[in-house]
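Since this is a predicted model, take the numbers as computed values, not measurements. Reckoned from all heavy atoms, side chains included, excluding hydrogens, waters and symmetry mates. We're numbering straight along the sequence, starting at 1.
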Amino acid sequence: ARFTEEEKTLRRIEKRFSKGMVEYGLIEDGDRILIGLSGGKDSLALVELLARRARVFKPKFSVVAVHVVMKNIPYQSDAEYLRNFAESWGVPFVLYETEFDASTDTRKSPCFLCSWNRRKALFTVEEFYKLKIVVQLFIWFQERKFAENKNFIMNKLSRYRKLRYN
C-alpha cells in the first residue's frame, strides 16, 4: 500500500510521540491526563495522539480535555467544535469558565494575568477530577528541530513531574 505524504507525516509524528512517551516514562499505568484544549494545532494534535495511544493496552491511562473560557476577555472560541472534536476521539470534554480582575495587580500586564489565571483554572480542574498530570507538549514537525530540542523538553518535563509529585 502506498501512503500519501500526509499519512507518512502523521505516522512519523505518532511513532516519535509513542517512542518518547515510553522511553522517558511520561505516562504510567493508571494516569488520568488533562489536556488544556485551546483549539490550536498543538492541542488538537495532542488530543488525537493521546486518544490513539490510550487505546493501546500498556500503559493504561485516560485523557480529559479542558477548555478554559475567560468571561471578561472579548475572545470567542468555538466550544461546540472543541467538544465534538474531543468526544469524536472518545475524550471527555470539560468547559471551565472563569474571570479575573486586571486592576488587582497593576504591576502585571492583563495578558500575563489572563495566562496565569488560565493555568490556575487547569490546576483547579486537575484537582477536582483527581487528574494526575497536566500535559503541555509542543509538537515539532521538522526532524532537526525535534532532535535539537528533545533533551531540553524531556528535562523540563521530568523536572516538572518531580516538583509536582514529590
Which residues pass the side-chain contact (heavy atoms from CB on, under 4.5 Å) test with Glu6, sequence neighbours left out? Thr4, Leu10
Flag yes if Val69 and Leu113 sit in one hydrophobic cluster, no otherwise; membership is Ile, Leu, Val, Met, Phe, Trp, Tyr, and two members link when side-chain heavy atoms are under 4.5 Å apart. no
Heavy atoms only: give me the nearest Cys114-Met70 pair and the separation to one decimal. O-CE, 3.5 Å
Report whether Phe128 and Val68 are members of the same hydrophobic cluster (ILVMFWY, side-chain heavy atoms less than 4.5 Å apart, transitive linking). yes
Rounded to the nearest 0.5 Å, what separates atom CD1 in Ile35 from atom CG in Leu122? 11.5 Å
Can a cation-pi geometry be assigned to Arg32 and Tyr129, taking NZ or CZ under 6.0 Å from the six-membered ring centre and within 45° of the ring axis? no
How long is the span from the OG atom in Ser62 to the CG atom in Leu34, to the nearest 0.5 Å? 10.5 Å
Determine the minimum heavy-atom distance between Glu28 and Asp31, stating which atoms define it. N-OD2, 2.8 Å
Has Asp29 got a side-chain atom pairing as donor or acceptor with Pro59's backbone, closer than 3.5 angstrom? no
Please list, chain by chain and in numerical order, all residues satisfying side-chain hydrogen bond (donor to acceptor under 3.5 Å, both in side chains) with Ser38, sequence neighbours excluded. Ser43
Hey, is the main chain of Phe100 close enough, under 3.5 Å, to the side chain of Asn72 for a donor-acceptor pair? yes
Would you say the side-chain atoms of Ser115 pair up with the backbone N or O of Cys111, donor to acceptor, closer than 3.5 Å? no
For the atom pair CD (Glu97) and NE2 (His67), what is the distance rounded to the nearest 0.5 Å? 9.0 Å
d(Asp78 CG, Gln76 CD) to nearest 0.5 Å is 10.0 Å
From Arg53 atom CZ to Ile27 atom CD1, the distance as rounded to the nearest 0.5 Å: 8.0 Å
Exactly one candidate in Glu14, Arg16, Lys15 meets side chain to side chain contact (heavy atoms under 4.5 Å, CB included) with Arg12; the answer is Arg16
What distance do Ile33 atom CD1 and Leu50 atom CG have between them, rounded to the nearest 0.5 Å? 5.5 Å
Under a 4.0 Å N-O cut-off, is there an ion pair linking Glu7 with Arg11? no
Donor-acceptor list for residues 79-94 side chains, cut-off 3.5 Å, not counting sequence neighbours:
{"from": "Asn84", "atom 1": "ND2", "to": "Glu80", "atom 2": "O", "distance (Å)": "3.3"}
{"from": "Ser88", "atom 1": "OG", "to": "Phe85", "atom 2": "O", "distance (Å)": "2.6"}

Locate the shortest heavy-atom distance separating Gly39 from Leu44; write the atom from each residue and the value. O-CD1, 3.4 Å
